Enquirer: 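Sharing a structure, written as structure tokens. Questions coming.
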Amino acid sequence: MRSGEKTAHAVSTRFDGLPAALLDWYARHARDLPWRIGPGERARGVTPDPYRVWLAEIMLQQTTVPHAARYFHAFTETWPTVEDLAGADDGDVMAAWAGLGYYARARNLLKCARAVAEAGAWPKTEDALRSLPGIGAYTAGAVAALAFGERAPAVDGNVDRVFARLLAAKGPWKEEKARIAALVRALVPADRPGEFAEALMDLGATICTPKRPNCLLCPVRDWCAAHGEGEVERYPVKPEKKARPQRRGEVYAVFRGGDVLVERRPDRGLLGGMLALPTTEWLESGMAERPGWADGGDAIGEVRHVFTHFELRLTVKRLTLADAPSGFEWMSADEAGEAFPSVFRKALKLAR
DNA sequence: AAGGCGGGGGC
DNA sequence: GCCCCAGCCTT
């Protein structure tokens, strides 16, 4: 027997009964989330609004449920349909996303909404969804399964962890993830792909947690190789992370009455497209050049902020100017504070 | 294939 | 402090 056949056959019987056991558990323990319809409604043929499913999935990328939920309510209140969002002002959307992070998501959110509004309808297959801005492998599968009932897998960090444990996956993490993706695709039940996706995510979020998993309550424990080994928390085995370097710079809180000086950051790169305070470059060593108009300000303190790949210490200087330097403009400090990403919110709060 | 890209909460 | 989280895009 060729190894491919052997693997495929082993997979097909190894997890017999797991989807049914998982769905049975989900019928009793599904989380009630704002973008979901319950198992009961789904059984009566109700399907969720693709716009709400998509919006939630984008917000949930690398983001916790409680954090995303607050933004989900605000967005659906302000822009109830994808056509509403497509017609929104860019700055309004970026301001509404402020504080949620990974701002390329918001830029792609608008691109995607406008593409869908222009087309007049959502693409309804995994492959077609995958080609839209901001929709990758996970989100395409999730929207296809949840909103359109396609037999597609939704493999996120939760599902990777669950299957790393079921398989006691000891190999290189990249290879294990590819193996898991293929396995989950093969296991999706044709009649209930959306509930299967939600069930796996709920299992990962509430039972098969990163720390102290609750194996006693796990509906798929009988299939779990890691539980058999008695070392569930050992999995998944991920590559080591690199240390975060330190960067430093200055940021300027420049006031004119109740207004503060702001700029719009370029669309690419860190905090791209976001409203910002004037700042020097942020360097690991050496002193960044200070703009001439910023000489003479009072250093009033320091803010620290952690980004994905570096830690930042910013000296905050406060000053007043009569005229806005080229490239900057005045905005009410209250309004600016709402539209800033977190690092500039911290600096403004310190300076006020 | 690897690295850039936010932010908050749990422990 | 360190960990992780409903990942995607660019190079």
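Order of the sequence lines fixes the chain letters, A, B, ..., with proteins taken first and strands second; residue numbering starts at 1 for each chain. In this text, all values refer to a predicted model and were calculated from it rather than measured experimentally.
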Enquirer: Once you round it to whole Å, what is the distance between C1' of C:dG7 and CG of A:Leu60?
Expert: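 After rounding, the gap between these two atoms is 11 Å.
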Enquirer: If only side-chain N and O atoms count, and only distance matters, is there a donor-acceptor pair under 3.5 Å linking A:Tyr235 with A:Glu229?
Expert: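 A:Glu229 vs A:Tyr235: donor-acceptor pair found between side chains.
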Enquirer: Hey, which of these two, A:Arg268 or A:Tyr138, hits DNA chain C nearer its 5' end, going by closest nucleotide?
Expert: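 Result: A:Tyr138.
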Enquirer: Kindly indicate whether a cation-pi arrangement holds for A:Arg244 with A:Phe310, taking the cut-offs as under 6.0 Å to the six-membered ring centre and within 45° of the axis.
Expert: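 Here A:Arg244 fails the 6.0 Å and 45° test against A:Phe310.
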Enquirer: Find the distance A:Phe196:CZ to C:dA6:P and express it as a whole number of Å.
Expert: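 Value for this atom pair: 17 Å.
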Enquirer: Examine the side chains of A:Trp79 and A:Thr76 and answer whether a donor and an acceptor come within less than 3.5 Å of each other.
Expert: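 A:Thr76 and A:Trp79 do not have a side-chain donor-acceptor pair below 3.5 Å.
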Enquirer: Take the protein atom CG of A:Asp156 and the nucleotide atom P of C:dA6, then report the distance between them rounded to whole Å.
Expert: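 Taking CG of A:Asp156 and P of C:dA6, I get 6 Å after rounding.
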Enquirer: Assign A:Ala56 to base, sugar-phosphate, or nothing according to its heavy-atom contacts below 4.0 angstrom with the strands shown.
Expert: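 Here A:Ala56 touches no strand at all.
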Enquirer: Please tell me whether A:Thr81 and A:Asp84 have a donor and an acceptor in their side chains that are separated by less than 3.5 angstrom.
Expert: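 Their side chains do contain a donor-acceptor pair, which is all the 3.5 Å distance test asks for.
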Enquirer: Indicate yes or no: does A:Arg256 engage A:Asp259 in a salt bridge with an N to O separation below 4.0 Å.
Expert: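 Between A:Asp259 and A:Arg256 there is a salt bridge, with a charged N closer than 4.0 Å to a carboxylate O.
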Enquirer: Between A:Arg161 and A:Thr209, does any side-chain donor sit less than 3.5 Å from a side-chain acceptor?
Expert: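 No - no donor-acceptor pair under 3.5 Å links their side chains.
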Enquirer: Distance check, P atoms only: B:dG6 and C:dT11, in whole angstrom units.
Expert: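 Nearest-Å result for B:dG6 against C:dT11 at atom P: 15 Å.
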Enquirer: Taking CG from A:Leu110 and C1' from C:dC8, how many angstroms apart are they, rounded to a whole number?
Expert: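 From A:Leu110 CG to C:dC8 C1': 17 Å.
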Enquirer: Would you mind building the protein contact string for nucleotides 6-11 of chain B? One character per nucleotide, 5' to 3', B for base within reach (heavy atoms under 4.0 Å), S for sugar-phosphate only, - for untouched.
Expert: BBS---
Enquirer: Could you work out the separation of B:dC11 and C:dA6 based on their P atoms and round it to a whole Å?
Expert: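 The answer is 14 Å between these two P atoms.
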Enquirer: Phosphate oxygens OP1/OP2 of C:dC3: is one of them under 4.0 Å from a side-chain N or O of A:Arg161?
Expert: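 Answer is no, no contact under 4.0 Å.
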Enquirer: Going by the angle between their ring planes, with limits at 30° and 60°, are A:Trp54 and A:Tyr51 parallel, tilted or perpendicular?
Expert: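 A:Trp54 vs A:Tyr51 ring planes: tilted.
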Enquirer: Could you check A:Val155 against A:Pro210 and say which one's nearest nucleotide on DNA chain C is further toward the 5' end?
Expert: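 The residue whose closest nucleotide sits nearer the 5' end is A:Pro210.
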Enquirer: Can a side chain N or O of A:His309 be found less than 4.0 Å away from OP1 or OP2 on B:dC5?
Expert: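 Yes, because at least one side-chain N or O of A:His309 sits under 4.0 Å from OP1 or OP2 of B:dC5.
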Enquirer: Please determine whether the number of non-hydrogen atoms from other residues, nucleotides or ligands lying under 6.0 Å from atom CZ of A:Arg212 exceeds 12.
Expert: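 Not more than 12 within 6.0 Å, no.
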Enquirer: Main chain of A:Pro153, side chain of A:Arg185: is a donor-acceptor contact present, judged purely on distance under 3.5 Å?
Expert: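 Checked: no pair found.
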Enquirer: Take atom CG of A:Asn158 and atom C1' of C:dG7, then tell me their distance rounded to the nearest Å.
Expert: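 My rounded result for the distance is 13 Å.
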Enquirer: For DNA chain C, what residues of residues 26-36 of chain A have any heavy atom nearer than 4.0 Å?
Expert: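 Contacts with DNA chain C under 4.0 Å: A:Arg31, A:Leu33, A:Trp35, A:Arg36.
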Enquirer: For C:dC5, does OP1 or OP2 lie under 4.0 Å from any side-chain N or O of A:Lys238?
Expert: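 Affirmative; the distance criterion is met.
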Enquirer: Please give, in whole Å, the distance from C:dG7 C1' to A:Asn108 CG?
Expert: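 Going from CG in A:Asn108 over to C1' in C:dG7 covers 12 Å.
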Enquirer: Side chains of A:Asp267 and A:Tyr103, heavy atoms from C-beta outward: is any pair under 4.5 Å?
Expert: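 No. Closest side-chain heavy atoms not under 4.5 Å.
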Enquirer: Provide, to the nearest angstrom, the distance between the CG atom belonging to A:Leu132 and the C1' atom belonging to C:dC8.
Expert: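 Interatomic distance, CG of A:Leu132 to C1' of C:dC8: 13 Å.
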Enquirer: A:Glu289 and A:Thr280: side-chain donor and acceptor closer than 3.5 Å?
Expert: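 No, because no side-chain N or O of A:Glu289 sits under 3.5 Å from a partner of the opposite role on A:Thr280.
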Enquirer: Which dot-bracket string describes DNA chain B (Watson-Crick N1-N3 plus N6-O4 or O6-N4, or G-U N1-O2 and O6-N3, all under 3.5 Å; [ ] crossing; | other strand)?
Expert: |||||.|||||
Enquirer: Pick base, sugar-phosphate or nothing for A:Val65, based on heavy-atom distances below 4.0 Å to the nucleic acid.
Expert: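 Base: the residue A:Val65, judged by heavy atoms under 4.0 Å, touches a nucleobase.
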Enquirer: Without hydrogens or angle criteria, can the side chains of A:Gln61 and A:Tyr138 be said to hold a donor-acceptor pair below 3.5 Å?
Expert: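 No, no side-chain donor-acceptor contact under 3.5 Å.
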